[in-house]
Amino acid sequence: MNRRQRFVDLRAQRPVILPSLLMCDFGDLRSEVDRLAEAGIRSLHLDVMDGHFVPNLSYGMPIVAAIRELTDLPLDVHLMISEPEKYLDAFYEAGADCITIHSEASTDLVAACQQIRSLGAAAGVAINPTTPLADLEIALEVCDLALIMSVQAGWGGQSFEPIALEKLRELRAKVGDSLILEVDGGVNASTIAECASAGADMFVVGSAIFKQPQYGPVVDELTGLASS
Ligand code: DX5
Ligand code: ZN
């Protein structure tokens with residue numbers, strides 16, 4: 001099965017909680033990945049930041065490739081970088097199953113999504129809270145996932161912005177069941193249920209998981225809240 005298909009198939013198991021590996025212990029990635037898998041996690045969200053599209057810097061292809069060596073879990077790579085088109089091949093080679101680019105960073109969103117799909121990965125398009133849904137909608141025919149940011153991309157640990165709920169509702173009403181809707185930023189036990197009722201299938205969670213000493217209980221709690 002190709003990577004795009006195995007990522008798209010995850011949606012059948014919704015709600016899918018994706019830990020954002022931004023606040024994890026990078027000195028012991030093996031144990032972090034093992035602990036997440038033991039907690040029942042089915043896919044990992046990798047936040048790539050370039051210090052240009054967003055002020056913050058995180059990591060690039062070598063860390064994605066290192067995580068690929070550690071696990072068979074599908075890798076959901078969120079590119080917060082300028083000129084993402086230049087790096088699509090490299091992130092696919094590093095092991096990405098889904099590659100998400102920001103509409104604000106791309107000069108030709110449709111072509112970039114087509115390129116991601118032709119590599120064999122699922123294609124995602126992200127929009128920041130201040131970006132209108134229309135900017136993402138131009139790529140609806142060629143993407144597999146819409147990432148509705150509920151914080152301005154750049155840092156973990158920010159507060160959830162409710163504008164994301166309106167966008168999720170509007171988009172779900174428009175696309176029916178045909179698209180994966182993912183929400184990212186400030187998703188925790190207080191906000192996840194509303195995101196689920198608004199139509200999200202996939203929930204990126206950073207601080208609400210990594211600030212806990214054990215991952216299993218919080219993953220179960222979040223999954224329960226998103227299911228009810
Ligand atoms: C923000 C990143 C998120 C973030 C989530 O730019 O895309 O994935 O790390 O972290 P929390 O859940 O702490 O908002
Ligand atoms: Zn992210």
Side-chain angles (χ1 to χ4, degrees), residues 7 10 15-26 29 32 36 39 41 43-60 63-64 67 73-82 84 87 91 96-106 116 121-131 136 143-165 167-168 180-196 200-212 215 218-219 221-223 225-226:
F7 190 83
L10 276 176
V16 180
I17 309 289
L18 295 111
S20 145
L21 300 195
L22 206 51
M23 293 188 182
C24 71
D25 178 1
F26 285 97
L29 269 178
E32 289 285 38
L36 291 165
I41 286 299
S43 176
L44 303 173
H45 180 87
L46 308 184
D47 285 306
V48 175
M49 303 182 184
D50 66 352
H52 186 263
F53 175 66
V54 292
N56 199 8
L57 261 173
S58 60
Y59 53 79
I63 293 284
V64 176
I67 294 170
L73 289 175
L75 302 182
D76 176 31
V77 175
H78 177 191
L79 295 182
M80 286 163 273
I81 65 176
S82 300
Y87 303 95
F91 280 102
D97 293 270
C98 179
I99 301 178
T100 295
I101 58 174
H102 269 260
S103 80
E104 305 88 350
S106 175
I116 295 169
V125 177
I127 50 169
N128 273 320
T130 49
T131 302
L136 179 154
C143 73
D144 303 289
L145 174 147
L147 172 48
I148 304 298
M149 293 300 298
S150 35
V151 301
Q152 180 74 16
W155 278 273
Q158 305 181 72
S159 300
F160 184 85
E161 295 189 31
I163 182 80
L165 298 172
K167 289 179 179 170
L168 286 167
I180 300 172
L181 301 193
E182 181 174 74
V183 60
D184 182 0
V187 178
N188 56 37
S190 309
T191 54
I192 196 166
E194 281 182 305
C195 295
D201 311 291
M202 296 196 177
F203 306 83
V204 179
V205 184
S207 40
I209 291 179
F210 290 99
K211 285 192 174 161
Q212 299 300 321
Y215 302 152
V218 65
V219 170
E221 182 191 16
L222 292 170
T223 305
L225 288 165

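Because the structure is predicted, anything quoted here is derived from the model rather than measured. Start at 1 and go down the list; that is how both ligands and their atoms are numbered. The first residue in the sequence is number 1, and the count goes up from there.
Separating the CD1 atom in I192 from the CG atom in L222 is a distance of 4.5 Å, to the nearest 0.5 Å. Once rounded to the nearest 0.5 Å, the distance linking CG of L44 with CG of L36 reads 6.5 Å. Remark: L75 CG to L46 CG distance equals 5.5 Å, nearest 0.5 Å. Rounded to the nearest 0.5 Å, atoms NZ (K167) and OG1 (T131) are 6.0 Å apart.
Within ligand 1, the atoms closer than 4.0 Å to a non-hydrogen atom of V204 are 8 (O), numbered from 1 in the order shown. Every atom of ligand 1 with a heavy atom of G186 under 4.0 Å away is listed here by number and element: 11 (P), 12 (O), 14 (O). Against a heavy-atom cut-off of under 4.0 Å, S20 is close to the following atoms of ligand 1: 4 (C), 8 (O), 9 (O). Near M80, meaning under 4.0 Å from any of its heavy atoms, are these atoms of ligand 1: 6 (O), 7 (O). Less than 4.0 angstrom separates some heavy atom of G185 from each of these atoms of ligand 1: 14 (O). Atoms of ligand 1 found under 4.0 Å from any heavy atom of H45, numbered from 1 in the order shown, are 8 (O). Interface of A153 with ligand 1, defined as ligand atoms under 4.0 Å from a residue heavy atom, comprises 6 (O). Near G156, meaning under 4.0 Å from any of its heavy atoms, are these atoms of ligand 1: 4 (C), 9 (O), 10 (O), 13 (O).
The closest donor-acceptor contact from the side chain of S103 to the backbone of L136 lies at 3.5 Å or more, if one exists at all. In terms of modelled atom types and a separation under 3.5 Å, the side chain of K211 and the main chain of M23 share no donor-acceptor contact. Listed for the E182 side chain is no donor-acceptor partner under 3.5 Å among the backbone atoms of M202. A donor-acceptor pair under 3.5 Å links the side-chain atoms of E104 to the main chain of N128, judged by distance alone. One N or O on the side chain of D50 and one on the backbone of H52 form a donor-acceptor pair closer than 3.5 Å.
Scanning the protein heavy atoms around atom 1 (C) of ligand 1, the nearest turns out to be W155 O, 3.5 Å. For atom 2 (C) of ligand 1, the nearest protein heavy atom (residue, atom name, distance) is D47 OD1, 3.5 Å. For atom 5 (C) of ligand 1, the closest heavy atom belonging to the protein is D184 OD1, 3.6 Å. Here the heavy atom of the protein found nearest to atom 12 (O) of ligand 1 is G206 N, 2.8 Å.
Distances between N or O atoms of G157 and those of ligand 1 include at least one value under 3.5 Å. In terms of N/O distances under 3.5 Å, ligand 1 is not approached by Q152. Between M49 and ligand 1, no pair of N/O atoms sits closer than 3.5 Å. The shortest N/O to N/O separation between G154 and ligand 1 falls below 3.5 Å. Looking at Q158 next to ligand 1, no N or O pair under 3.5 Å apart turns up.
Counting only distances under 2.8 Å, and ignoring water, the protein N, O or S atoms around the Zn ion (ligand 2) are H45 NE2, D47 OD1, H78 ND1, D184 OD2.
In this structure, H102 and H78 have parallel ring planes: the angle between them is below the 30° cut-off, well short of the 60° mark.
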Could you go through residues 147-160 and list every donor-acceptor pair under 3.5 Å that involves a side-chain atom there, pairing it with any protein atom two or more places apart or in another chain?
unit_1 : atom_1 : unit_2 : atom_2 : d
S150   : OG     : D184   : O      : 3.0
S150   : OG     : G185   : O      : 2.7
Q158   : NE2    : Q152   : O      : 2.8
Q158   : NE2    : W155   : O      : 3.0

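D47 and S20 are linked by a side-chain donor-acceptor pair at a separation below 3.5 angstrom, with hydrogens and angles left out of the test.
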Check step by step if side-chain contact (heavy atoms from CB on, under 4.5 Å) holds for C98 and D144.
CA-CA 9 Å; C98 179; D144 303 289; over 6 Å; no

Check the pair L79 / I99 against side-chain contact (heavy atoms from CB on, under 4.5 Å), numbers first and verdict last.
CA-CA 7 Å; L79 295 182; I99 301 178; 3.7 Å; yes

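Under the 4.0 angstrom criterion for non-hydrogen atoms, A208 is not in contact with ligand 1.
In this structure the side chain of Y215 reaches within 4.5 angstrom of the side chain of E32, judged on heavy atoms.
Under 4.0 Å from ligand 1, heavy atoms of S207 appear from its side chain as well as its backbone.
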